Amino acid sequence: MEKTLDLRIKLFGAFRKYHTGSLSLSVTDGASITQVKDQIGQTLRELVPGFRDDELIEKSALATNRRVLTNSDCVNESMDLAILPPVCGG
């Protein structure tokens with residue numbers, strides 16, 4: 001039986017126009033950050049029927065309270081993460 005992990009994803013910036021606060025997800029132990037992003041998209045489509053901004057998720061970074069994660073990093077414990085949309089400015 002596969003072990004599942006509970007993640008809480010804090011939403012910032014452009015994500016707040018779709019949903020405020022955070023998302024709760026369950027993922028398989030060892031899921032890559034790419035898989036977590038896919039799950040975020042699926043969850044947002046369920047919560048917000050008009051959500052189609054997959055590019056926003058793809059270009060965003062996931063981070064712990066200590067570092068930004070790469071798409072090949074894996075999740076091996078239940079944790080809180082933040083999804084950080086790209087920003088521009090001068």
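Since the structure is predicted, the reported quantities are computational estimates derived from the model, not experimental observations.
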(message) Test of understanding: clusters of I, L, V, M, F, W, Y form through side-chain heavy atoms closer than 4.5 Å, transitively. Do Leu84 and Phe51 belong to the same one?
(response) no
(request) Decide whether Val36 and Met79 are clustered together by the hydrophobic rule: side chain heavy atoms of Ile, Leu, Val, Met, Phe, Trp, Tyr closer than 4.5 Å, transitively. (result) yes
Say you draw a straight line from [atom1] of [X] to [atom2] of [Y]; how long is it, rounded to the nearest 0.5 Å?
| X | Y | atom1 | atom2 | answer |
| --- | --- | --- | --- | --- |
| Arg52 | Arg45 | CZ | CZ | 7.5 Å |
| Glu55 | Asp53 | CD | CG | 7.0 Å |
| Thr34 | Gln39 | OG1 | CD | 13.5 Å |
| Asn71 | Ser32 | CG | OG | 7.5 Å |
| Leu81 | Leu62 | CG | CG | 5.5 Å |
| Leu23 | Glu46 | CG | CD | 10.5 Å |

(message) Given 3.5 Å as the limit, does a donor-acceptor pair link the side chain of Arg16 with the main chain of Leu11, or not?
(response) yes
(message) Between Ser22 and Lys10 (side chain of the first, backbone of the second, donor and acceptor by atom type, cut-off under 3.5 Å), is there such a pair?
(response) no
(request) Applying side-chain contact (heavy atoms from CB on, under 4.5 Å), run through Ile57 and Phe15 and close with a yes or a no. (result) CA-CA 9 Å; Ile57 295 171; Phe15 287 101; 3.8 Å; yes
(request) Take Ile40 and Ile9, measure what side-chain contact (heavy atoms from CB on, under 4.5 Å) needs, and give me the verdict at the end. (result) CA-CA 8 Å; Ile40 291 169; Ile9 311 296; 3.9 Å; yes
(request) Show the numbers, then the answer: is there a side-chain contact (heavy atoms from CB on, under 4.5 Å) between Tyr18 and Leu47? (result) CA-CA 9 Å; Tyr18 298 113; Leu47 292 172; over 6 Å; no
(request) Using the side chain to side chain contact (heavy atoms under 4.5 Å, CB included) rule, pick out the option among Asp29, Thr28, Leu25 that qualifies with Leu5. (result) Asp29
(request) Among Asp38, Thr70, Val75, Val68, find the one that has a side chain to side chain contact (heavy atoms under 4.5 Å, CB included) with Ile33. (result) Val75
(message) Could you report the tightest heavy-atom contact between Cys74 and Gly30, atom names first, then the distance?
(response) SG-O, 3.5 Å
(message) Restricting to non-hydrogen atoms, name the atom on Gly13 and the atom on Pro85 that form the minimum distance, rounded to 0.1 Å.
(response) CA-CG, 4.0 Å
(request) Report yes if the side chains of Thr4 and Ser78 come closer than 4.5 Å at any heavy-atom pair, otherwise no. (result) no
(request) Using the side-chain contact (heavy atoms from CB on, under 4.5 Å) rule, take Gln35 and Val27 through it: C-alpha gap first, then chi angles, then the decisive distance, then the call. (result) CA-CA 8 Å; Gln35 291 171 313; Val27 298; over 6 Å; no
(message) Check Asp54 with Lys59, please: is the shortest side-chain N to carboxylate O separation under 4.0 Å?
(response) no
